[in-house]
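What follows is a short report on a single structure.
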2 protein chains.
Amino acid sequence: MKKVTINSVAEYAGVSKKTVSRVLNNEPNVSPATREKVLKVFKELDYKPNPIARGLARNKSFIIGCLYDNPSKSYITRVQSGALEACHKFNYNLLIHPCELRGDELIENVDQLLTTSRLDGLVLTPPFSDSQVLIDFLKAQNVPFARVASALQDDTSISVRSNDEQGAYELTEHLISLGHKEIAFIKGHPDHSATEKRFSGYQNALLKHGIEYKEKLVAEGNFSYHSGADSAKEILDLEPMPTAVFASNDYMAAAVLKLATQRRIRVPEDISIAGFDNAPIARHIWPGLTTIAQPVEEMTRQAVEQLILQISDPSTEVYQKVLEAKLITRESTAAK
Amino acid sequence: MKKVTINSVAEYAGVSKKTVSRVLNNEPNVSPATREKVLKVFKELDYKPNPIARGLARNKSFIIGCLYDNPSKSYITRVQSGALEACHKFNYNLLIHPCELRGDELIENVDQLLTTSRLDGLVLTPPFSDSQVLIDFLKAQNVPFARVASALQDDTSISVRSNDEQGAYELTEHLISLGHKEIAFIKGHPDHSATEKRFSGYQNALLKHGIEYKEKLVAEGNFSYHSGADSAKEILDLEPMPTAVFASNDYMAAAVLKLATQRRIRVPEDISIAGFDNAPIARHIWPGLTTIAQPVEEMTRQAVEQLILQISDPSTEVYQKVLEAKLITRESTAAK
DNA sequence: ATGAAGTTTGACACCGGTGTCATAATGTCG
DNA sequence: CGACATTATGACACCGGTGTCAAACTTCAT
């Protein structure tokens with residue numbers, strides 16, 4: 001099986017390399033007859049252009065990199081699925097690269113990534129989308145990127161996020177409307193901007209409804225199931241026990257639910273539990289978790305789509321969008 | 001900021017391109033003095049070789065593709081994590097590519113993938129690792145690949161799997177030893193070879209212990225939570241209700257647990273439930289699921305590592321390995 | 001028929017590396 | 001010290017495409 005290159009096609013079709021290249025790229029200024037002829041040879045020889053050669057000549061790879069470091073597997077797969085959708089729409093591919101936010105190695109690590117695989121752009125997911133250091137580095141290196149789910153203010157880079165604060169506000173209000181006044185809160189990972197946003201949503205809702213904010217009702221988490229289990233212990237040990245718990249994501253909420261069930265505390269009769277994200281687990285457990293649906297796939301899809309648009313035309317206006325989060329009520333919350 | 005190429009380095013160091021290339025690749029036949037000098041210039045100019053140019057010259061991309069189509073998100077992330085570990089060890093990167101097994105588009109789709117991004121090799125995860133059509137295609141195209149978790153017999157391709165049959169056998173035996181005789185079984189997706197293996201493990205254990213196999217106790221699933229919910233309904237509606245349920249993966253087991261809890265059937269007092277895979281959800285719910293731990297990351301890690309070895313030296317012996325699966329008992333199973 | 005403008009085409013350099021081979025420099029040994 | 005093997009180095013083609021530019025060919029108005 002011989003290799004079919006642009007040269008063999010050109011020779012076979014009796015035209016120049018460049019003309020073949022023109023047909024390949026749908027460039028104008030090729031006579032219909034010639035175009036037809038070349039296209040026929042493509043078929044006949046089953047010609048596949050070599051993307052690496054093309055990449056070298058155009059300095060493009062048609063590969064987008066996805067940076068993440070997130071304890072939630074479902075979050076990652078949702079991100080990937082949205083990113084892939086956009087990539088495939090434009091014939092791009094997706095390269096994934098988990099790495100650690102902490103430490104000086106981050107920049108080094110990303111630098112290494114850019115060195116070993118010429119990426120056309122990078123999608124940053126939390127907590128990277130919030131990292132000023134990284135953003136500055138990418139700008140300096142002239143690497144196009146888009147930020148997902150970041151509250152960090154930066155008008156010069158593409159950003160698609162959802163309204164975490166409003167979501168948390170609504171969820172808290174939902175609990176309040178059910179008659180709850182002692183509402184515990186489990187915070188997320190301090191490196192994620194969403195953590196602070198969700199927390200303010202919670203606080204603002206309390207304030208608005210004249211409910212006193214009590215610090216002892218707030219536990220520190222980091223979005224992992226494990227941290228949720230620790231916080232759950234703290235909260236369920238409180239005297240008196242709060243009548244509702246709002247965890248900053250569903251994994252931590254699931255951990256609270258598990259401990260409560262273990263201790264024969266009935267949910268939602270004795271305590272209401274709510275999460276955030278509408279992760280699959282929220283509907284895979286009983287009772288199902290009341291939560292806030294974040295359009296993770298949609299955010300990422302839009303971010304990557306805009307990223308690719310910007311890559312192909314750098315003069316494109318910087319896209320910044322906030323999508324709505326939506327309250328989903330299930331069985332884990334009920335009137336006090 | 002000017003681009004630093006091998007030419008500028010060569011000029012700056014006062015040597016030829018080729019000598020720089022030699023230093024870059026740690027080739028012999030460079031005098032220590034020259035090597036030193038060039039290395040210094042690398043540092044000074046902060047030279048980064050262009051992987052695309054190198055790829056063109058060597059016909060390599062240093063990218064491995066990962067093919068999957070699996071309803072279980074946690075399975076996918078575990079696969080990815082194992083694959084990434086191996087990739088990074090050898091300075092490769094990982095490109096992910098979900099696609100559908102069904103239909104003629106599979107080959108077309110993979111062909112497209114190979115065309116748009118020159119991959120050095122492919123990791124196939126179930127159900128692709130079981131697809132004879134795909135395997136034949138890749139062999140014909142001379143694309144190196146490794147198969148993960150496939151029971152399909154093929155001595156000529158790299159394969160790492162775990163012993164599904166034995167795992168299912170052990171788990172069934174565990175239930176039998178607890179006194180269960182009416183053990184329902186939920187099958188997995190028919191396209192996965194693991195489905196048949198787990199089923200035989202179940203059947204063999206029954207046989208070995210003189211327990212009659214009853215077809216009505218077997219429900220068809222497809223590894224998705226949703227299919228598990230359907231099967232759960234079937235099984236919990238049986239008269240008399242079985243005293244144990246063995247689902248072919250943890251998601252389906254979780255669905256059974258959810259429905260049981262909803263119906264106030266106590267687990268494990270009224271019914272024991274077991275899964276397979278040791279997915280995160282198995283320990284995120286209450287009661288925790290008894291299950292079989294499959295070393296998914298390890299399988300994939302080994303597969304990719306061997307794949308890369310074979311890419312760099314095609315004469316490497318074809319690696320075939322079966323890893324052990326391990327019984328993990330949690331609260332969801334108890335004596336009858 | 002003629003010139004101006006527009007269209008089609010190909011020659012050739014180039015992207016940034018690697019492989020081949022000839023030549024130059026150095027080392028070895030009788 | 002000369003003959004020969006070994007090591008170090010560079011010139012140059014090549015990987016498979018794309019960009020530039022000039023030449024050849026059309027088209028069309030005058």
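Throughout, protein chains are lettered first and strands after them, A, B, ... in sequence-line order, and every chain is numbered starting at 1.
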- Considering residues, nucleotides and ligands other than A:E27, do more than 12 of their heavy atoms fall under 6.0 Å from its CD? yes
From [atom1] of [X] over to [atom2] of [N], roughly how many Å is that when rounded to an integer?
X	N	atom1	atom2	result
B:N7	C:dC15	CG	P	8 Å
B:K3	C:dC14	NZ	P	13 Å
B:N50	C:dG16	CG	P	7 Å
A:N59	C:dC14	CG	C1'	13 Å

Are [X] and [N] close enough that a side-chain N or O sits under 4.0 Å from OP1 or OP2?
X	N	answer
B:T34	D:dT9	yes
A:S16	C:dA11	no
B:S31	D:dT9	yes

- Note on the structure: Winner on side-chain proximity to A:V30, out of C:dT9, C:dG17, D:dA11, is C:dT9
- Message: Let's see if you can work this out: which of D:dG10, C:dG17, D:dG17 has an atom nearest to the side-chain heavy atoms of A:Y47?
- Response: D:dG17
- When all nucleic acid strands are considered with a 4.0 Å heavy-atom cut-off, which category describes B:P49: base, sugar-phosphate, or nothing? sugar-phosphate
If you restrict it to nitrogen or oxygen atoms, what contacts under 3.5 Å exist between nucleotides 18-23 of chain D and the protein, and what is each distance?
unit_1	atom_1	unit_2	atom_2	d
D:dT18	OP1	A:N25	OD1	3.3
D:dT18	OP1	A:N25	ND2	2.8
D:dT18	OP2	A:S21	OG	2.4
D:dT18	OP2	A:N25	ND2	3.4
D:dG19	N7	A:K18	NZ	2.9

- Message: Assess, by modelled atom type and distance only, whether the side chains of B:S157 and B:R147 contain a donor and an acceptor separated by less than 3.5 Å.
- Response: yes
- Between B:Q132 and B:D136, a side-chain donor and acceptor under 3.5 Å: yes
